[in-house]
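Okay, so here's the structure we're looking at.
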Amino acid sequence: MIDKASFPVRPDSVRPADLLGPYDGVVVDADSDRPLAGALVAGSWAFERGIGFRAPAGAREVVVETGADGRYTIPALTDLPEGASARVRRFTLIVYHRGHVAWRSDRMFPGRERRRDFTQRGGRVRLERWQSQYAHAEHAVFIGGGPRVQKAAAWELQAAALELDGEHVAVRAHPEAAPAPAPATTTVPLDVSRLLTDDEIRGVTGYVGKFEDGKLTDLPTTEFYDSRHFKAVGKPESYDVGLRVWRLGPAAAEVQYGKLMKALPDARTTDEVGDGSFRAKSGGIAGLFYLVRERGVVVSMTCGGSQCTEPGQLTKLAKLVESRLPDLPEPAAAPPAGAGAPTDKAAPTEKPAAPAEEPKP
Amino acid sequence: LILRRAGLVASVVAAVAAAAVPAFGYDPATTHAGLTERAVLASTLHRVLVHRLSRPLGVFEPVPLRLSDLPEAEREALTARLGALDPGTGYAPGPDGSASALAWVVAGSVVAEVPAERAQHFFYDPSRGAGLTDPGGLVPIGQGLRQMIDSGDGGFRGLATGTSFNMTGLPSTAWLASDRNDVGLVTYYQELEAAVSGEDPGRRATALARALLALGGTLAVLEDAGDPAHVRNDFRGAYLGAGGTSPFDRGSPFEHFVAEKYGRMGVPTAAHPVSRPTVMAYITGADGEGLADRTQRRFFSDGSLPEDAVVDRATTPAEVMRDARASLPYGLPRLPHLALAALGRRSYAYAPGEDGKPAPTDGKGRRLFAYERVPGRVHFFLDDAVYADTARALLPEIGGYGAGLIDHLWRGELRLEVKDGTVEVALAGARGVVHGGQVRLYAEDAAGKRRAFAAVDPTTDGVSVAIPDGARRIAAVLRASDDAGELVAVAETPVR
């Protein structure tokens, strides 16, 4: 048996679709209306079985990526389930492209209202850009999908976990339920400029030259992350000092710390600062990484070999920063549902100071 | 044989047609999944996983289930049932056996009713304290024969040996506690304990996945206590009364309605978590506030509506009301006043207010059932408007009971404080007197291996124990009982 599809065959038709497919369409950015290449498109058929009571009885999933023209094609289902009561119950299409809200053929995000613009052929999947007021926890639950979709969306989980940890019931009320109080949406970027100064570096290392202060440019500042780059004027990189701070909450900070330890080359546990620390080295640049569990903070302190000529100097700098952590301004509304969620590009988990780039101070 | 089967099917069709009324039930893949998801998100489970079990991503934490750790029969059965899940839903584990904690709970609530016949044990009639029963006759014979044809020889063997579904089942309260239920309370307690006490990390992760699956299975039983057909012993009307032209195409129209209207993600947000004294009290209790108690007395199912009342010229409205009341299999809900004057017009009976106030007359209340006076009789039935009101009232409430049950099952909290080479362990959250168990402490080495190193009596004041050399992490588990029933409390903490 094959259930009747709840969507039409084409956008300009009222004829019900053939649930078995094939399915095709184009994925576009909702703002620019331009095709999106490389979007993950997962189609799945769900089977059921049973007389009276019905229960899941298998599924088929096909996952493809859109081409340069944004187009996708899901071939028709040919291997039907067997058994007198077996039925093809439904087809679900999920489209995921990082930086955009996931698109499902059955429901919309946010709000979870029923979607009514899905068609079997010639569909136009318009992906909305991710907005910072959206809740990752809600989105992570919304996406669904099989292993490939979930792997592509895994970067959101840390922010999602933070949201749930910050507020007991983080998922916003369904439109039919009583309206939930509007969460604060103001996001204040983290500012670590007060944690370390040029003079303090000079005091520790004995360096007499000038620094040009700025930010490390490989990750943008967000409410969860900030950095400082003390660039030695007129000197090579081996005189530079770098500081990165992630303020993620206790649980996610632990995760981030673990990820850094795994990702960085030759990480060596030292436990010399914070609740746990390790050192790593790349080229002529040494790094000291530590976790302050209670504050939910991870710090990366890096120093070029010409600036920090002794290991103890890096330790001093790190401890200096640790002593200033209580001075960090409290997060404005961190991290409740719907508030303070990092934007797509600003996700603190996206590039947790990958080995190739982290030692660069 | 085929011809004989075809003949039997014909008699089955006739038998089913005679039964004939549709009713309620929840679709495992969508409604149960959505209810479970909402319950988890409204509960404290995320925080418990983060703070007590050191799973930093909480309900989003990937938890691998190593099938090779399971006995062969269990492995095969679980593999088949998990393999039946649709990846599009997000709760099917990947080929590596891994899924998020949330996905395992949701998957548990779905596979609890896979294969479909397991649902026979999801009925509980609180007024009789019984599960699904059936008066017998042609209908159960027909159902058995259809199953036989549907599933081939295996089904025939099941029918011959009495293990097939014969339209009866255990009370859901008994099924919940049965050791035959691999996603019930027995598995939940056992595997949660092993999720901490297991020697190697893989075994512990597998145990946690199994515990979460069993938590989902437990929630599925509770959720069906919020299904009028399941608490009003109504299988015939609910599940066999409607469908397509094929005799194998049978299912509940309400189940279909709710699944289509809400899907998985559209299930409303759970109400505030409900607190009850014991696990079983979430389903039924002497105070009448179990979910099954509340559902049974407030909602009709199609198979437990008043029988159509015969009307002739001499019949008075009072007689219609008397006959209709006399035909009810349950005393509640009571029949409100019916407007019987107009012929051929669909009317609705409304439920009284929750605070005992009379049913609203402005059409804004919850519709209990529909009725229509047709020539010669008054016809009682349920339609989409009743289904919509019923779902709107019940789904958030079921979510609130589910969230409360999760919190109840995780109520015990072991607090570990590491200080100066010792760990202080204290118990919180237990109800009343704790008896029958000790807090077992485990030291984890750098390779993740755990070994027991101490056992202390549970106390709220805290007991200090010296930490063995080389320990990187301390874990603790208590399996005991308190005034609320069986208690498993767990905790982990790193050692600096």
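Per chain, numbering begins at 1; letters A, B, ... match sequence-line order.
Proximity to chain B is limited to the backbone of A:Ala57, based on heavy atoms less than 4.5 angstrom apart. In this structure, no portion of B:Val106 lies under 4.5 Å from any heavy atom of chain A. Proximity to chain A (any heavy atom under 4.5 Å) is restricted, for B:Val110, to the side chain, taken from C-beta onward. Contacts of B:Ala259 with chain A are made by side-chain atoms alone, with heavy-atom separations under 4.5 Å and no backbone atom involved.
From A:Leu162, atom CG reaches atom CG of B:Leu57 across 9.0 Å, with rounding to the nearest 0.5 Å. We find the OG1-CZ distance between A:Thr269 and B:Arg472 to be 6.5 Å, quoted to the nearest 0.5 Å.
When each of A:Gly146, A:Gly58, A:Ala253 is scored by its heavy-atom pairs under 4.5 Å with chain B, the top score falls to A:Gly58. Options B:Glu37, B:Arg264, B:Glu113 differ in how many heavy-atom pairs under 4.5 Å they form with chain A, and the most are formed by B:Arg264. For the options B:Pro28, B:Ala119, B:Gly58, B:Ala29, heavy-atom pairs under 4.5 Å to chain A are most numerous at B:Ala119. Counting heavy-atom pairs closer than 4.5 Å to chain B, the top-ranked of the candidates A:Glu48, A:Arg60, A:Arg114, A:Lys151 is A:Arg114. Chosen from A:Pro147, A:Ala59, A:Pro56, the residue pairing most often with chain B at heavy-atom distances under 4.5 Å is A:Pro56. By number of non-hydrogen pairs under 4.5 angstrom with chain B, the leading residue of A:Gly258, A:Gly249, A:Gly145 is A:Gly145.
For B:His32, the ring pair (Phe, Tyr, Trp, His ring centres under 6.0 Å) test picks out no residue, with sequence neighbours left out. Residues forming a side-chain contact (heavy atoms from CB on, under 4.5 Å) with A:Pro22 (at least two apart in sequence, or on another chain): A:Ala76, A:Gln120, A:Arg121.
Looking at heavy atoms from C-beta onward, A:Arg90 lies in side-chain contact with B:Thr89 at the 4.5 angstrom threshold. With a 4.5 Å cut-off on side-chain heavy atoms, B:Asp86 and A:Phe47 do not count as touching. Contact of the A:Asp165 side chain with the B:His51 side chain is registered, since non-hydrogen atoms from C-beta on lie closer than 4.5 Å.
Taking each heavy atom of B:Phe60 and A:Leu164 in turn, the nearest pair found is CE1-CD1, 3.5 Å. Counting all heavy atoms, side chain and backbone alike, B:Gly263 lies closest to A:Arg107 at N-NH2, 3.8 Å.
Between the side chain of A:Gln150 and the backbone N or O of B:Gly90 there is at least one donor-acceptor pair closer than 3.5 Å. Of the possible donor and acceptor atoms, one in the side chain of A:Arg104 sits under 3.5 Å from a partner among the backbone N and O of B:Gly88. Between the side chain of A:Arg112 and the backbone N or O of B:Gly266 there is no donor-acceptor pair closer than 3.5 Å.
In A:Glu65, the CD atom is crowded: over 12 heavy atoms of neighbouring residues, nucleotides or ligands sit closer than 6.0 Å.
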Original post:
Which is it for A:Val141 and B:Arg38 under the side chain to side chain contact (heavy atoms under 4.5 Å, CB included) test, yes or no, and what are the steps along the way?
Top reply: CA-CA 10 Å; A:Val141 173; B:Arg38 296 295 130 201; 4.2 Å; yes
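Between B:Glu260 and A:Arg89, at least one side-chain N (NZ, or NE/NH1/NH2) sits under 4.0 Å from a carboxylate O, which counts as a salt bridge.
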